[in-house]
Visitor: 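Handing you this structure, nothing more for now.
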Amino acid sequence: MDTKSKELFLKAKKYIPGGVNSPVRAFGAVGGWPRFIASAHKDRLVDVDGNEMIDYVCSWGPGILGHAHPRVIEKVQEACKDGLTFGAPTKKEVLLAELIAELVPSIEDSRLVSSGTEAVMSAIRVARGYTRRDKIIKFKGCYHGHSDGLLVKAGSGALTTSMPDSAGVPADYTKNTLVASYNDRASVKNLFEADPEEIAAVIVEPVAANMGVVLPEKGFLEFLREITKKYGALLIFDEVITGFRLALGGAQEYYGVRPDLTTLGKIVGGGMPIGAYGGKREIMEMVSPAGPVYQAGTLSGNPIATTAGIETLLILKEDPDIYRRLNQKAGEIALAVKEAAKDAVCLNQAGSLLSIFFTSHKVTDYESAADSDTASYGRYFNYLLDRGIYVAPSQFEAMFLSDAHTEEDIAFTCQMIRDFFNQ
Ligand SMILES: *Cc1c(COP(=O)(O)O)cnc(C)c1O
């Protein structure tokens, strides 16, 4: 039964554009209407009709510990008693910055903001201020939030709705955004050769996870490290998804490549709105009031959000075995898919991030992802949803595992995936 969700969606559409506060939530890509969530604990969501679902969206990444982790909830409840926001420095901001510097290999100093979008927007500004150059290179299919200059060939919701470029973005705002192809070294090299002294930075998702999951080919990230260095540009890893997920130190630890600047979000807020960007002190000293690059925020470093973030990172730090468990669970699902679907799909996996592309060829970039059979994905999505399994309502989003997924729920999910492909 989903009558209450349906009613709420109809009402929502009267007051909210498309009925949702972020496009992919609307289920436009898979048909039907979204489930309105009433509560979530561990690996289960409960919707307003009382349906329980095993959750593989995990709020699009933050939920690495599962929902409502008792330690995080307790700390947040305690923190609330002392006030919700002060607009003045707090000890917790220092603790979180210290933790980030300890865990993320390339970060010495960092700034807290309130979303991944803001983190990326600010990091780009710093890169431009530091290099005194205007152009940046991004990759087709990589999503870096919804700031004007980055809504060019973006992934995520922009990909699903086949509107890679947004209305309302003046062409002047994107003229300094150059677009290369993921895993295609020549495309990057050509842009640098055409503009050797104008490019401030290359920004990349070290594992692309907003066109579905696309892994960097061997040597690709190392290549980006070398070519940016050669041309005096900065390398920015957008680790909003991969940070604290692929490893405690993110993709830069997992692949052993150090960017100049890193953007964080999702897990770093433990379920509350936070983004962060950071890097070497010399570069971060550009940021106001230490330097000339302006960036500010009324709720930046919010005491409740930092509380959730700190506790989440502490739990991950105390129990590094979490990553082995996550990878093992993801591996079980990957194996079930490969055995059941054989060559009918392409399965990409990096740690606890997975994608099942409904295509028979390898997916290595935007083009090879984009020609997937989205109608088949829709059938797969609805088959699982009918059986109490909630995966991303779009072919072009990742499947996320959490430490709260139980062996029984993984086994049940694998069985339902097998049943889908065998029917
Ligand atoms: C989610 C995401 C963002 C944007 O973060 P928001 O908090 O949604 O603004 C930026 N970059 C990547 C890689 C993301 O996955």
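We count ligands from 1, going down the list as the structure has it; atoms in each ligand are counted the same way. All values reported here derive from a predicted model rather than from experimental measurement. Values below: every heavy atom of this structure, side chains too, minus hydrogens, waters and symmetry copies.
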Visitor: Run the side-chain contact (heavy atoms from CB on, under 4.5 Å) test on Val188 and Arg185 for me, step by step, so that the C-alpha distance in whole Å, both residues' side-chain angles and the decisive distance to 0.1 Å come before the verdict.
Guide: CA-CA 5 Å; Val188 180; Arg185 300 179 198 197; 5.8 Å; no
Visitor: I want to know whether Phe396 and Tyr377 have ring centres closer than 6.0 Å.
Guide: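 No, too far apart.
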Visitor: Using a strict threshold of under 4.0 Å (side-chain N to carboxylate O), is an ion pair present between Glu226 and Lys230?
Guide: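 No, no charged N to carboxylate O under 4.0 Å.
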Visitor: Using a strict 4.0 Å threshold on nitrogen-to-oxygen distance, state whether Arg225 and Asp260 make a salt bridge.
Guide: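 Here Arg225 pairs with Asp260 in a salt bridge, since their nearest N and O are under 4.0 Å apart.
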Visitor: What I want to find out is whether Lys6 reaches Asp49 closely enough, with some N-O distance under 4.0 Å, to be called a salt bridge.
Guide: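 The answer is no: the pair does not qualify as a salt bridge.
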Visitor: Would you say the ring centroid of Phe220 lies under 6.0 angstrom from that of Phe139?
Guide: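 When the ring centroids of Phe220 and Phe139 are compared, they turn out to be within the sub-6.0 Å range.
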Visitor: Mind jotting down which protein residues get a heavy-atom contact under 4.0 Å with ligand 1? Chain and number order, please.
Guide: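 Around ligand 1, where the cutoff is 4.0 Å for heavy atoms, the contacting residues are Ser115, Gly116, Thr117, Tyr143, His144, Gly145, Glu205, Asn210, Asp238, Val240, Ile241, Lys266.
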